[in-house]
Amino acid sequence: MPMRANGPLPNGYHNSSSPAFNSTKTPKKGGPPLPTSSSSISSSKHALLQEQRSELPIAKGKDALIHEFREHDVTVLLGETGSGKTTQVPQYLLESGLARNGMIAVTQPRKVAATSLAGRVAAEQNVALGSSVGYSVRFDERFSSQTRIKYMTDGMIVRELMSDPSLSKYSIIIVDEAHERSLRTDILIANLKTIQQRRNKSQDAKGKGKDTSNPLKIIIMSATLDAEKFGRFFTGSKILYVQGRQHPVKIYHSSQGQVDYVDSAMRTFFQIHTDYPPGDVLIFLPGQEDIESLEKTIQIYANQLPHDRMSVLICPMYAAQAAGQNSKVFLATPPNTRKCILATNIAETSITIPGVKYVIDTGKCKEKRYLARNTGGGFDTLLTRDITQSSAMQRAGRAGREGAGHCFRLYTEDAFKAMPLSAEPEIMRCSLSSSLLQLKCIGQDLETLELMDQPAEESMKSSLIVLYLLGALNLQKEITALGRQMAAFPLEPIYARAIIASKEYGCTQEVLDIVSILSASSKLFIESSEQREAVSEARKKFRHVCGDHLTILNVVKAYQEIAYSEAKGSRKEWCRRHFLNERALLEASDIRDQLRQTCQRLGIDHSVSCGDKDDPVTFSLGHGLVMNIALLQPDGTYKQTIGQSIVKIHPSSVLCDKKIPAIIYDELVYTNQIYARGVSRIPKSFIVTLGALKQQR
DNA sequence: GAGCACTGC
C-alpha cells in the first residue's frame, strides 16, 4: 500500500456548512467530585460554588423556569451539554416551594451519575450529603427523613413502584436523560402519566384552595434531538429550551463514501499528524478486530516518519482489554508526541479522554439487538451498523472538551443526514420478560400500558411464552405464586427460577455463587490476545467437565479461599495472575448478599450446599434455562429443542469441541453464526423430566 | 475458533 506521510491526501474533505457545533449530551454530570462527608464546606469554597452556579447558562432563566413549572403539570426541558439543568432545576424547585408535599426525585439511567450529582448539589446547598439532598442506587443509599431532593436510578424508582404504585412520597419527579430511552425510563414515563392523571384528578374534585391532596408534577429532561415526542406523549405539556456551553468543533465530511474505513482512518490520521498543530487524535471504530488491524498499520507508517517529526503513541481502548491497558490513555502525552487513541464506543459516553483535539469518526458501531422468536426465547445479534446522528454529534463533541477542535467524518454529509436521529428505544431491542413479570405484579400489562413506543407483538408473545415455560404465568397469562417469588429477585426470570429450583436440589449456595457472577455487569474472564497461551494455561486450573457454570463455581470457590487467607493486595495479584477480573468477583459478592436476603424473605435457606456434587447444580440451572436446551447433531452442531435454530458452542466455552450430547446455555449470540454462550452438559434423561413437568401444568 | 458499549433491580 503506497503511503507517504507527505503524500496526496486521498479523502478530499470539505468544510461542513455548520461551523460551530454543540454536543448534545454530557457523559459525566455534576463536575468533579466534591467533598461531601463534612456537614459544610469552607465559606470561601461555598462562595466560589455560588458564583459558578450563577454563571451557568440556565441561571439567567431561573425565574421564567419557575413560573413555567408552576403553571404546567408536565414540562419538557431541552438542554444542551453544560447548561446546568440537572443540578440547578431541583434546587430552583426546592427554593420556590413548589414541592411542599413531598420529595423531588431526579432519576438517572446510571448509578455514578446519581451519586455524583447528589454530592455536587449537597455541596452547592452547603449541606451534608444524605440530609436534605440524598441519593438512592442499588447497593448504596444516603438519605433521611429530611431529604427533599433525591437523586436515584430509574431502576430504583421502578422497584418503588412495586410497593407504592402512586409514588406518593414524591411531589415532583424529574426524569433526566430521557432521550436515552432506557427500558426503565420508558416504563417509568408510562406509569407517571397514569399516576398523574389519578393524583391530580382527585385534587380537582376537592376544589381549589384545599391542599389536602397530593398532586404530581413531572419534568422530563432531554437532549435536543427528537424531543417533541415527549411533548406529544404528555398532552398539555410545555416545552422549554436551555442553551448549552461547549467549545466549537469544526466538522469535515468526506466528499465521497469510504469503502474501507480502516484504511481511510489511517490516511486521515497521518493527514492530521503532518498538517495540524499538536493535539491528540481519537479514532472511533466498531470493534476490537478493526482496532488491532489499524494499530498495526499506523505503527508501520509511524516508524517510517522522519526523525524531526512528532512521534506517535498508539493507545487501543475497548472494554474487553485488560484494565491496565485502557488506563494508558490517561497518562500524560510524552513531549514531542501525539497520542492516537483507537477506541470503540467506550470513548463515546463512558470514558472522557483529556487532550483530544481531533476526532476521526468512521460512522460505524456494533449494536446488540434481541431477536425475539415466537417459540419463546430468542437470540442476540451483534452486528456492525451505521451510527445515529446523535451519536455522530456526541463523537464530534469529544474534540471540544477543552478547547476548539476538529472532527473528520469518514462519510458524506448526505450519509450523515440519512442516519437515524437517535437510537431505537431499548424497549424495542431487548427481551421483555423481566419487565413484563414486574408489571404483572402490580396488575399491569405491557400490552395495554400506554408507552411512548410499543414493542413488537412478537417480542411480547415471546416473553409471555418464556414466562409460561418458567411457570411464572399460567395459560390465562395470570401471574402464579411461583411468578411472584421470581419477581422478588433482582434478576432475569431465568436465573430467579434456577434459584428457586435449587431449593429442591439442595444446592442454593452453589447456584447463588454462579448466578451472582452471571448477573454482574463486568466480565469475569479477562482476554489478552498478546498472552493467549498464558491465559489458556491459567484457565485450565478452573476448567470443569460439566461446563462453564461449574467452571465459574470453581473460580468463585478458589477466590473465596484466597479471600479468607490472603491480604487484599495478594488477592488482586492472584486475580491478575489468573486473568480474572476482581471487579466482577467483588460485584458478584454484593449481588449474592442481596440475593441471600431475598431468599431469606421467601423462606429459602441460602446456606444449603450439595458439596462436590455436580448434577444438583446443573439441574437447578436447567429449570431456569428450559428454553435454552440443544441436542448434538451428527455433524457436530446443535439443534434447539424449542425453536429450530442450529447453534454452535462458542469457542470461549470449556465445552467447545467436546461433543456433549445435550447442553443448556445462558444465551445465543449471532455474529457470523449463532453461538451458544455459557454452556453446561445436561443428561438427556433430565430433558424428559422437564418435559413431564411441563405436561403437569 | 471468537469477544460494541453500557445500565438497572
Side-chain angles (χ1 to χ4, degrees), chain A residues 27 107-114 136-141 152-163 177 180-188 284-292 317-322 326 343-351 362 364-369 380-385 387 391 394-395 423 426 429-430 434-435 437-438 441 486-493 495-496 516 519-529 532 535-536 587 590-591 594-595 597-598 636 648-653 655-657 667 669-677:
Chain A
T107 73
Q108 294 290 325
R110 281 171 289 280
K111 292 205 281 193
V112 268
S136 171
V137 302
R138 191 184 188 184
F139 304 132
D140 191 12
E141 55 180 37
M152 57 205 297
T153 46
D154 48 15
M156 211 68 190
I157 202 165
V158 168
R159 270 280 154 177
E160 271 187 31
L161 213 48
M162 305 292 119
S163 54
E177 308 282 19
E180 285 190 21
R181 300 292 306 277
S182 78
L183 174 63
R184 285 155 294 273
T185 296
D186 271 19
I187 286 175
L188 174 64
F284 282 103
L285 292 146
Q288 184 180 343
E289 201 183 335
D290 288 331
I291 287 177
E292 282 171 353
M317 204 166 79
Y318 45 89
Q321 193 175 227
N326 275 339
T344 59
N345 261 356
I346 195 169
E348 193 178 303
T349 49
S350 31
I351 293 178
T362 58
K364 302 283 177 191
C365 68
K366 284 197 187 179
E367 190 190 65
K368 201 168 183 174
R369 171 175 285 269
D380 290 311
T381 63
L382 186 56
L383 301 170
T384 303
R385 54 163 291 169
I387 58 169
S391 109
Q394 179 70 24
R395 289 179 172 192
E426 193 185 359
R429 326 180 254 119
C430 70
S434 177
S435 296
L437 184 62
Q438 260 191 338
C441 276
M486 285 163 58
F489 286 97
L491 287 174
E492 284 298 317
Y495 296 124
S516 306
S519 66
S521 60
S522 21
K523 289 219 158 49
L524 177 61
F525 297 110
I526 293 169
E527 301 300 331
S528 165
S529 40
R532 196 164 294 201
V535 171
S536 78
E587 195 189 341
D590 280 341
I591 294 172
Q594 204 183 28
L595 298 179
Q597 284 173 27
T598 311
K648 274 186 150 181
I649 296 180
H650 194 274
S652 66
S653 168
L655 293 188
C656 189
D657 299 326
E667 57 176 2
V669 179
Y670 173 78
T671 48
N672 296 313
Q673 309 178 67
I674 304 177
Y675 290 106
R677 285 210 286 218

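From a predicted model like this one, the values you see are computed outputs, not experimental measurements. First the proteins, then the strands, lettered A, B, ... as listed; each starts at 1.
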What is the distance, to the nearest angstrom, from the [atom1] atom on [X] to the [atom2] atom on [N]?
X	N	atom1	atom2	answer
A/N672	B/dG3	CG	P	6 Å
A/K366	B/dC6	NZ	C1'	16 Å
A/R385	B/dA5	CZ	C1'	14 Å
A/K523	B/dT7	NZ	P	12 Å
A/Y675	B/dG3	OH	P	6 Å
A/L382	B/dG3	CG	C1'	8 Å
A/E180	B/dA5	CD	C1'	12 Å
A/L437	B/dG8	CG	C1'	16 Å

Residue-phosphate contact under 4.0 Å: A/Y318 side-chain N/O, B/dC4 OP1/OP2: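 So the side-chain polar atoms of A/Y318 never come under 4.0 Å of the phosphate oxygens OP1 or OP2 of B/dC4.
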Any A/S182 side-chain nitrogen or oxygen under 4.0 Å from OP1 or OP2 of B/dT7: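 For B/dT7, OP1/OP2 do not have a side-chain N/O of A/S182 under 4.0 Å.
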Approximate separation, where rounding is to 0.5 Å, of A/I591 CD1 and A/L491 CG: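 It is 8.0 Å, given to the nearest 0.5 Å.
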Closest to the [X] side chain: [options]?
X	options	result
A/P651	B/dG1, B/dC9, B/dC4	B/dG1
A/K111	B/dG3, B/dA5, B/dG8	B/dG8
A/I346	B/dC6, B/dT7, B/dC4	B/dC6

Select base, sugar-phosphate, or nothing to describe what [X] touches, counting heavy atoms under 4.0 Å on all strands.
X	result
A/L491	base
A/V137	sugar-phosphate
A/T671	sugar-phosphate
A/S521	base

Test item: A/I291 and A/Y318 side chains (from C-beta on) under 4.5 Å apart, heavy atoms: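 In contact.
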Pairwise side-chain contact, A/C656 with A/H650, heavy-atom cut-off 4.5 Å (strictly under):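 Sidechains of A/H650 and A/C656: no contact.
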Side-chain ion pair, A/R110 and A/E180, N-O less than 4.0 Å: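 Looking at A/R110 and A/E180, the cut-off is met.
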Residue mapping more 5' on DNA chain B - nearest nucleotide basis, A/S519 or A/K368: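 Its nearest nucleotide lies further toward 5', so the answer is A/K368.
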Upstream residue (5' side of DNA chain B) when A/R184 and A/K648 are each assigned their closest nucleotide: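 That would be A/K648.
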hbond_proxy A/R138 side chain to B/dG8 base (donor-acceptor, 3.5 Å cutoff):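 Counting by modelled atom types and ignoring angles, no donor-acceptor contact under 3.5 Å is found here.
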A/Q673, CD: over 12 other non-hydrogen atoms inside 6.0 angstrom: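 Check passes, neighbour count above 12.
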